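Below, chain A is the first sequence line, B the second, and so on; all start at residue 1. Values in this document were obtained by computation on a predicted structure and should not be read as measured data.
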Amino acid sequence: MKHIEILIVGGGPAGLCAAISAAQSGAKVMLVERHDHLGGQLIKQTHMFFGSEKQYAGTRGIDISTILTDEIANSENIEVLNNATVLAIYEDGVITLEQNHKYIKVKPERVIIATGASEKSLAFPNNDMPGIYGAGAVQTLMNIHGVKPGHNVLMVGAGNIGLIVSYQLMQAGVNVKAILDASPKIGGYLVHASKIRRMGIPILTRHTVLKADGKDSLEHATVVELDERWQPIPGSEKEFDVDVMCVSVGLSPLSELLFQAGCEMKMVREFGGYVPLRTEHLRTTNPQIYIAGDVGGIEEASSAMVEGHLAGLAAAKSIGYEHPEFERVYVDYNEQLEALRAGHAGDHIRAGMSKALIKEASC
Amino acid sequence: MLETTGIPSLEQVNSSFPSMERLMQGPVAIVECFQRIPCNPCATSCKRGAIVPFEDINDLPNIKHETCNGCSLCVFNCPGLAIMVIDYTYSETEVTFKIPYEFIPLPSEGDFVQGLDREGQYLCDVKVLKVQNTKAMDRTPVITLAVDKAYLKTFRNIKVVK
C-alpha cells in the first residue's frame, strides 16, 4: 500500500492543471492517466483556443498540452503513471489501479477526479454500422494516427465539436457534405459556423438522421427536417451519399468513480448528465474527493484548466499545503472562471451550477 | 439567419465595414464577430489599441477604424478567423483582401484562385498577390488577394484548385 498526498485521476486539461497547482503548493502528487501520454483531448485540438491569455487563448490545443506536460515533467512533486486505470475507490479511501497488468493499491489523502466526459450516441436504424463514428473517434484517427476516416462525411451536431471536427476534416482533405443539428439554432460559436459555411458546407438546423443504409458499411444516410415540436416533417427526407457519419450530439460526464465513492450525485441537464454536488472549492460530499473539468459538468477546456488549478490549490490547502500566494491566485482563478461563464455561452453553466453547488458546511 | 445557417446577413456585413471615406484612406481591418463569446485575442494582439481593450471577456470587438492601420496582426491571432484586412486604394478597379487560410496546398504568388462568398459560392477568379506564413503566424497563413471592387461586400474566401 502506497501512501499518496494527492491522487489525480485523468491527465487532460483539468488534471494537468490540478497537478501543477497542487505541486506548486508543496503537495506530493500522483497523476494517473489511462493512455500512454498526457494531454487528454488537448492533443487532438489543432485550432486556436478561445478565452483570454491566461487560458492560452490564441494558442492551439496541442501546443497547450505541450506547455502543461513540460511543466509537469519539470516538477519534482509530480509522479506520472501512464497506461494506468483506476479500478475502484473503497470505503476506507483505498484506491486500486491497474498498470501494465500490475495491480496497485494506494491510499491518498485527497483525490481529484478529472476523468472528463464521453460522447453521447444517437438512436436510429443501423447506427452501429461501420463508418458511423463519434466525433472524438474521428479526431483520434485523423489527428493522432494520421488516418483519414473516409471520403464523404455527414456531420451530425452543430455544437463546437461538430463544427471544429468538420473544419479539421476539410483540412485533412475529406469532403464534408453537410452538418445537421436537430436544434433550431447552431449550438457552437457562430465564428466557427461561418468559417465552415464559407467553404460551401451547408449547416442544416432542425434536421436529424432518419436511418443509415449500406451493404457492409455506410453508403447512404437519410435525414429529415423537424417541425417546431421536433417531429419529422413527412416528405422532407433527403439522402446523402456518405461513407462516414460523425455523431457529435453532446457529452456526458464520466462520473462512475464518483458514484462508487459515495459522492452525492444529481442529474443536471445543463451539465449533460449525473454530476456530483460540490462546494465552491470543488469538494464533493465525500470530503476526500475533489473534482475538476467536464466530470463536474460539460464545459470548454479553458474552464476545465481553471477548475483544475482551483481544485489543486484547494485540495493541497485542505491537507496543510498552502500555495505561497494562495489568496491572490485563488481569487484570480475564480475571477477567470466567472468571466468565462459570464456571457450568453455560459447561461447553461450558471443555471447548472445553481443546481449542483452546495455550502461548505454540509460536507 | 446567422444563427441558423452560419451566414451573416447583409446588415451584419455592412455594420462591420467602415465608411467609404475611411476605405479611401488605405488598409483597414474588418471584424465579423457578431456573438458574445469569451474570447479576446483580437484586442490583446492589437498594438495600436484600435481594437479597444475588453472590459468583459465576452464583449464584442469594438474597432476604431480611424486608429487601425491594417497591420493584420489580428487576422492571424483571431481564433475564429473572423477578421480580414482590406485595402480599397490598391487600384482603380481592384481592392485587396488579406484573409487567413489554413489549408494545403497553399496558393503561390501570381496564381489565380477561385473567389468565394460567405456561402462558399463561386464569385470570380482572384489573383494571389502575397502568401505570408511566418513563425509568428503560428500556422495561420495570410493570403493577400486582388479582387474586383464589385465584390467588396461579398468576397470572403478562396478555393485553391491545383
Side-chain angles (χ1 to χ4, degrees), chain A residues 46-63 158 160 163-164 167-168 170-173 179 181 183-206 300 302-303 335-347, chain B residues 1-8 12-13 31-45 54-61 73-74 76-84 99-105 114-122 137-140 154-159:
Chain A
T46 53
H47 65 285
M48 289 183 269
F49 268 41
F50 289 66
S52 77
E53 280 171 333
K54 286 179 173 170
Q55 304 98 34
Y56 310 102
T59 305
R60 296 174 197 280
I62 185 165
D63 299 328
N160 273 336
L163 297 175
I164 288 167
Y167 185 75
Q168 293 177 356
M170 293 294 282
Q171 285 181 309
I179 302 174
D181 203 300
S183 303
K185 284 181 183 170
I186 294 165
Y189 293 159
L190 297 176
V191 283
H192 283 315
S194 294
K195 78 183 187 192
I196 291 154
R197 179 62 243 210
R198 64 178 177 255
M199 291 191 289
I201 302 171
I203 301 172
L204 306 171
T205 47
R206 286 192 199 281
E300 294 293 322
S302 324
S303 338
E335 284 173 359
Q336 289 182 41
L337 207 49
E338 203 177 315
L340 286 171
R341 292 169 174 168
H344 175 62
D347 285 349
Chain B
M1 182 83 165
L2 174 61
E3 289 178 329
T4 55
T5 62
I7 308 163
Q12 285 170 320
V13 173
V31 184
E32 294 187 87
C33 185
F34 306 110
Q35 181 188 34
R36 285 170 52 81
I37 53 171
C39 186
N40 69 6
C42 59
T44 55
S45 67
F54 290 14
E55 282 184 17
D56 174 344
I57 192 176
N58 294 282
D59 285 348
L60 290 180
L73 279 174
C74 55
F76 56 84
N77 273 296
C78 168
L81 308 188
I83 307 179
M84 54 187 184
I99 62 165
Y101 187 75
E102 297 180 325
F103 291 84
I104 47 171
Q114 295 182 17
L116 310 179
D117 67 8
R118 287 174 178 78
E119 299 181 40
Q121 286 176 0
Y122 174 76
M137 289 174 174
D138 187 24
R139 294 154 286 172
T140 302
T154 47
F155 173 83
R156 188 62 183 86
N157 196 16
I158 55 167
K159 185 172 180 182

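Smallest separation of non-hydrogen atoms from G51(A) and L340(A): CA-CD2, 4.0 Å. Closest approach of R36(B) to G343(A), counting heavy atoms only: NH2-CA, 4.5 Å.
In terms of heavy-atom pairs under 4.5 Å with chain B, the best-connected choice from T205(A), L163(A), L190(A) is L190(A). Ranked by heavy-atom pairs under 4.5 Å with chain B, the list T46(A), T59(A), I186(A) is led by I186(A). Contact count against chain B (heavy-atom pairs under 4.5 Å) is highest for D63(A) among I201(A), L204(A), I179(A), D63(A). Ranked by non-hydrogen atom pairs under 4.5 Å with chain A, the options C33(B), P79(B), G80(B) are led by P79(B).
Residue contact with chain A, scored on non-hydrogen atoms closer than 4.5 Å, involves the side chain of Q35(B) exclusively. Contact of D117(B) with chain A is made through the backbone alone, with heavy-atom distances under 4.5 Å. Interface remark: D181(A) contributes no atoms to any contact with chain B (heavy atom separation under 4.5 Å). Of the atoms belonging to K185(A), heavy atoms from both backbone and side chain fall under 4.5 Å from chain B. Contacts of L116(B) with chain A are made by side-chain atoms alone, with heavy-atom separations under 4.5 Å and no backbone atom involved. No part of S45(B) comes within reach of chain A, as not one of its non-hydrogen atoms sits under 4.5 angstrom from that chain. Using a 4.5 Å cut-off between heavy atoms, F76(B) touches chain A through its backbone atoms (N, CA, C, O) alone. Only the backbone of N77(B) comes within contact range of chain A, with at least one heavy atom under 4.5 Å from a heavy atom of that chain. Residue I57(B) touches chain A through its side chain alone, counting heavy-atom pairs closer than 4.5 Å.
A distance-only check finds a donor-acceptor pair linking the side chain of Q171(A) to the backbone of E102(B) [under 3.5 Å].
The aromatic rings of F103(B) and Y101(B) lie tilted to each other, with the angle between the two planes from 30° to 60°. Ring planes of F50(A) and Y189(A): tilted class, angle from 30 to 60°.
Checked for salt-bridge contact, E32(B) and R197(A) miss the test: no charged N lies under 4.0 Å from a carboxylate O.
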Show the numbers, then the answer: is there a side chain to side chain contact (heavy atoms under 4.5 Å, CB included) between Y122(B) and K159(B)?
-> CA-CA 9 Å; Y122(B) 174 76; K159(B) 185 172 180 182; over 6 Å; no
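When the ring pair (Phe, Tyr, Trp, His ring centres under 6.0 Å) test is applied to F34(B), no partner is found at least two apart in sequence or on another chain. Residues satisfying the side chain to side chain donor-acceptor pair (under 3.5 Å) criterion with R206(A), sequence neighbours excluded, are absent altogether.
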